[in-house]
Amino acid sequence: MSLATRLHQLRVANRLSLQQVADKVGVSKAHVWNLEKGLTDNPSMELVVKLADLFRVRVADLVGENPEAADEDPEMVAMFRDLKRLGEDDREIIKGLMDQLRLRRARDDSQ
C-alpha cells in the first residue's frame with residue numbers, strides 16, 4: 001500500500017481534516033493533500049516520522065514497506081523471507097537486477 005493511500009486511510013480513520021494533520025506536523029494543508037494524492041513523491045524523512053508519530057504507526061507501515069503488514073501480498077512476503085535467507089553475494093546480484101529493472105522502467109516512462 002502506498003504512502004498516499006495509507007495516509008488518507010489513517011487521516012479518515014482518525015477523523016482528522018487535512019488542516020488538522022497539517023497543523024499537527026507543521027506543513028501546509030496543500031502539502032498534506034499532495035501527499036494523499038501521490039503528487040509529492042519524496043517527502044522528507046522528518047515529515048514521514050512526524051506523520052508516523054501522529055498516527056502512532058511505524059514508519060515502515062506508513063510508507064508501505066513493512067513486509068509483515070497484514071495487507072501485504074503473501075507472495076511478496078515469501079519473496080522477502082527468501083531474500084533474507086540469501087547470502088550477501090546473492091543479495092548484491094538481486095540488487096543489481098533490481099537496479100537494472102528500475103532503470104528500464106524509468107527509460108520506458110520517459111518515452
Side-chain angles (χ1 to χ4, degrees):
M1 181 181 308
S2 70
L3 169 65
T5 302
R6 186 73 175 128
L7 179 57
H8 178 76
Q9 286 178 343
L10 288 167
R11 182 178 64 78
V12 170
N14 284 276
R15 295 187 166 113
L16 294 173
S17 69
L18 290 167
Q19 189 63 58
Q20 288 171 313
V21 171
D23 291 344
K24 290 177 185 294
V25 297
V27 298
S28 70
K29 175 181 172 180
H31 192 59
V32 175
W33 186 85
N34 285 336
L35 286 168
E36 282 193 10
K37 297 300 179 190
L39 301 174
T40 301
D41 290 336
N42 196 14
S44 71
M45 189 61 180
E46 178 184 358
L47 177 55
V48 172
V49 169
K50 285 180 180 181
L51 288 165
D53 287 347
L54 172 64
F55 294 114
R56 304 188 57 75
V57 297
R58 294 181 298 180
V59 169
D61 292 320
L62 182 63
V63 299
E65 293 191 357
N66 181 0
E68 308 295 325
D71 63 344
E72 196 61 60
D73 176 4
E75 186 174 337
M76 294 299 289
V77 172
M79 288 174 64
F80 180 74
R81 275 195 307 268
D82 289 343
L83 182 62
K84 288 193 314 186
R85 292 184 193 122
L86 294 176
E88 187 175 334
D89 290 343
D90 290 335
R91 285 194 308 264
E92 282 299 315
I93 292 169
I94 299 294
K95 182 180 178 288
L97 289 169
M98 291 174 67
D99 289 344
Q100 290 299 314
L101 290 169
R102 272 193 296 275
L103 286 172
R104 183 171 30 157
R105 184 178 59 214
R107 203 171 36 243
D108 290 348
D109 289 347
S110 69
Q111 294 177 356

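Values below: all heavy atoms of this structure, side chains included; hydrogens, waters and symmetry mates excluded. No experiment lies behind these values; they were computed from the predicted model shown.
At a threshold of 4.5 Å between side-chain heavy atoms, the hydrophobic network of Ile, Leu, Val, Met, Phe, Trp and Tyr places Val57 and Met45 in one connected group. Clustering ILVMFWY residues whenever any of their side-chain heavy atoms sit less than 4.5 angstrom apart, transitively, puts Met98 in a cluster other than the one holding Met79. Under the 4.5 Å side-chain heavy-atom criterion for ILVMFWY residues, no single connected hydrophobic cluster contains both Val12 and Val25.
Evaluation of the side chain to side chain donor-acceptor pair (under 3.5 Å) test over residues 20-30, restricted to residues two or more places apart or in two chains, returns Ser17-Gln20, Gln19-Asp23. Sorted by first and then second residue, the side chain to side chain donor-acceptor pair (under 3.5 Å) pairs with a member in residues 31-40 read His8-Glu36, Arg11-Glu36; sequence neighbours excluded.
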**OP:** Apply side-chain contact (heavy atoms from CB on, under 4.5 Å) to the pair Leu51 and Val59, showing each step before the final yes or no.
**Re:** CA-CA 8 Å; Leu51 288 165; Val59 169; over 6 Å; no
Original post:
Stepwise, does the side-chain contact (heavy atoms from CB on, under 4.5 Å) test hold for Leu101 with Arg105?
Top reply: CA-CA 6 Å; Leu101 290 169; Arg105 184 178 59 214; over 6 Å; no
**OP:** Given side-chain contact (heavy atoms from CB on, under 4.5 Å), test Phe55 with Asp61 step by step and report yes or no.
**Re:** CA-CA 11 Å; Phe55 294 114; Asp61 292 320; over 6 Å; no
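Side-chain contact between Leu10 and Val21 is absent, with no heavy-atom pair separated by less than 4.5 Å. Side-chain contact between Glu92 and Asp89 is absent, with no heavy atoms from C-beta onward closer than 4.5 Å. Leu35 places none of its side-chain heavy atoms less than 4.5 Å from the side chain of Val27.
Salt-bridge annotation for Asp99 and Lys95: present, with a side-chain N of the basic residue lying under 4.0 Å from a carboxylate O of the acidic one. A salt bridge links Asp82 to Arg85: at least one charged side-chain nitrogen sits closer than 4.0 Å to a carboxylate oxygen.
Here the shortest heavy-atom pairing between Ala4 and Gly38 reads CB-N, 3.6 Å.
Looking at Arg91, its side chain does come within 3.5 Å of a backbone N or O of Leu86 through a donor-acceptor pair.
In terms of the salt bridge (Lys or Arg N to Asp or Glu O under 4.0 Å) criterion, residue partners of Glu46 (sequence neighbours excluded) are, by chain and number, Lys50.
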